[in-house]
Amino acid sequence: MSSATTTSATTENRVFEADVSRLLHMMVHSVYSDRDVFLRELISNAADACEKLRYEAIARPELLGEDARLSITIAADPDAAMLAIADNGIGMSRDEMIEALGTIARSGTRAFMEQVEAAKGKEGAQLIGQFGVGFYSAFMVAGQVSVVSRRAGSDEAWRWTSDGKGEFSVAPAALDEAPARGTTVTLTLLEDAKTYAERWTLERIVKAQSGHVPVPISLIEKPGAEPASLADGAALWTRAKSEIKPEEYTDFYRSVAAQYDEPAATVHFRAEGRHEYTALAFIPGSKPFDLFDADRKGRMKLYVKRVFITDEAELLPRYLRFVRGLVDTADLPLNVSREMIQDSPLLAAIKKGVTNRILSDLGKLAEKEPEAFAGIWGHFGPVIKEGLYEDYERREQLLGLARFTTTASGEGLRSLKDYLAALKPNQTAIYYITGDDAERIKASPQLEGFRARGIEVLLLSDAVDSFWVSSAPDFEGKPFKSVTQGSADLGLIPLLDGATEAGAEATPEVTALIEALKTALASEVADVRASDRLTDSAVCLVAADRGPDRQFEKLLAAAGRLDTAAKPILELNPQHALIGRLAAVQDEALRDDVAHLLLDEARILDGERPADAKAFAERMGRVLARTLG
Ligand code: ADP
Ligand code: MG
């Protein structure tokens, strides 16, 4: 909390909340390199304020009064190095001003600072808009910032001022110097930022960054000059697709997404028929920072007849929460309450229509421009895969979009269609292995027998993989099967030329060894058996035929959703020299030590620890001592 340092009848001085102070310091010192963004942030706040008023005025038209044309005016004074951004939007009351501009740390503040500290410089500036800290970017270019605001319908005006060094003050503003409605942010530019009071700089930045804000913007280039229009505030999405240039889409994307990158894909269409609406949606070119937030909300905006209504309507399923953009419809009444929207059948129709269109456009992109699609999949695949268990109806379609790293993929990604096209004779399942470390699962011993037969295996290392794969029984009639579960039954699939036969055939000695190990390891494994999935390694662990595979079991256990983990099955490679030698060992104590060591080795290969580190070390010590003599 902040505290009032001085209070007089008129002016109240306050100290910024500690995080805000740190943020301001950072704005000036770390995020410094791309200062142009401050203008876009202030314009975006002004536009938000206009859109809020447009919405509130539906229920209370008197708020607009005589002055119904919402607009933003940039007024420069190059001689005095001053710049003002004025809007006739909703405005702020005194309390709103104190809350919004400095007292209470906004939720994004700390997250933003962490990201900037990690990113440094230019990338930091790219992040500003996403974190709800845009206003403070004014201090990148200004030594003094003054905000005078009058809330629509109020007869009080307030002035907030600060030099961004730790304190701000709030005082009543004389009505004759306050706007009739809305907010004016006035910047006293720093010595090295005077160019931001010059016409050509302002024109350049507004055209490049804010040309498609849905509120008109004009520029007064010096005191007394006539306002000149910089942007007409026309809604880009209402224009025909063929008339919109790619850079206009990019510009619009940047203001709607609060990101500065290029959109990776743009979906723009008009639905006609029973429900009419226009959708303009973008797949971002980079990952938003909060992609995996617990409350993972979408950010599509809903407009009714070009009036912004809300960005909280769930216009898309959660697994498309990274999509940015808007839907504008004339089929809802303007005075629709935000609460009513969520239950309206129109919303359900929009959600379905826009989702279908985005997925089908992504499908086409995947066909025509596999590399561009691979980029999108790289960023958002782990999120889209949530749809595999959340959107049962579209599961087949989503599986069609999914791309995988596999044992056959080399550098590129493979689709399930690619996979099915490369099935081996007698292969009846789509094989996969899951784990949290892509490199380690690639080296899993359980894959050996599959490699020896050239059978492709999906390498699944995203956190969501265990969840969808255990609930996606098949794709085009082929079931998914974990290579770490059940018996591999690889016998019917021929070995590649030159591969050595692993084979489950065991000699009588090995069969006797297996029986002995079942007893020795009875408390730790459910079974011991000869394996046909190993060629080089001596042992591996697999899960029973039914129930979760080993990785999924670990996840369930970590989430406290599993009372008792099932015991794994230990598989031995009957052809492995070590197993042959062990079968010949008569000394029971030695055989017991080696059996436990092999079990721990299998655990380690699975990314686990030995069950009992001390016992492991003692056994290792005894066996080594014996070997070294
Ligand atoms: P964000 O825009 O993401 O909320 P900002 O730091 O840009 O974060 O702005 C903080 C808040 O200050 C806004 O949410 C809004 O409540 C208030 N604000 C800033 N500029 C204006 C303005 N021109 N008119 C009304 N409110 C404003
Ligand atoms: Mg903002």
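Read the numbers this way: they start at 1 and go in the same order the structure lists the ligands and their atoms. The structure presented is a predicted model; accordingly, all values stated were derived computationally and were not measured. Note: hydrogens, waters and symmetry copies are ignored here, and every other heavy atom, side chains too, is used.
- Within the structure, the closest approach of M92 to ligand 1 falls below 4.0 Å when heavy atoms are considered.
- Distance check: F467 CZ to L388 CG gives 13.5 Å after rounding to the nearest 0.5 Å.
- Proximity of D87 to ligand 1, defined as any heavy-atom pair under 4.0 Å, is confined to the side chain (atoms from C-beta onward).
- The distance between the ring centers of W237 and F269 does not fall below 6.0 angstrom.
- Of the polar atoms of F135, at least one N or O is found under 3.5 Å from an N or O of ligand 1, judged by distance alone.
- The aromatic ring centroids of Y249 and H268 lie less than 6.0 Å from each other.
- Every N/O-N/O distance between Y136 and ligand 1 stays at or above 3.5 Å.
- None of the N, O or S atoms belonging to S44 lies under 2.8 Å away from the Mg ion (ligand 2).
- Near G134, the atoms of ligand 1 lying under 4.0 angstrom from a non-hydrogen atom of the residue are 5 (P), 6 (O), 7 (O).
- To the nearest 0.5 angstrom, L190 atom CG is 7.0 Å from R35 atom CZ.
- For ligand 1, the atoms lying closer than 4.0 Å to a non-hydrogen atom of A49 are 24 (N), 25 (C).
- Aromatic ring centroids of Y196 and F38 lie under 6.0 Å apart.
- Note that K301 lies in the cation-pi zone of F308, set by a 6.0 Å cut-off to the ring centre and a 45° limit from the axis.
- Using a 4.0 Å cut-off to heavy atoms of L101, the atoms of ligand 1 that qualify are 12 (O).
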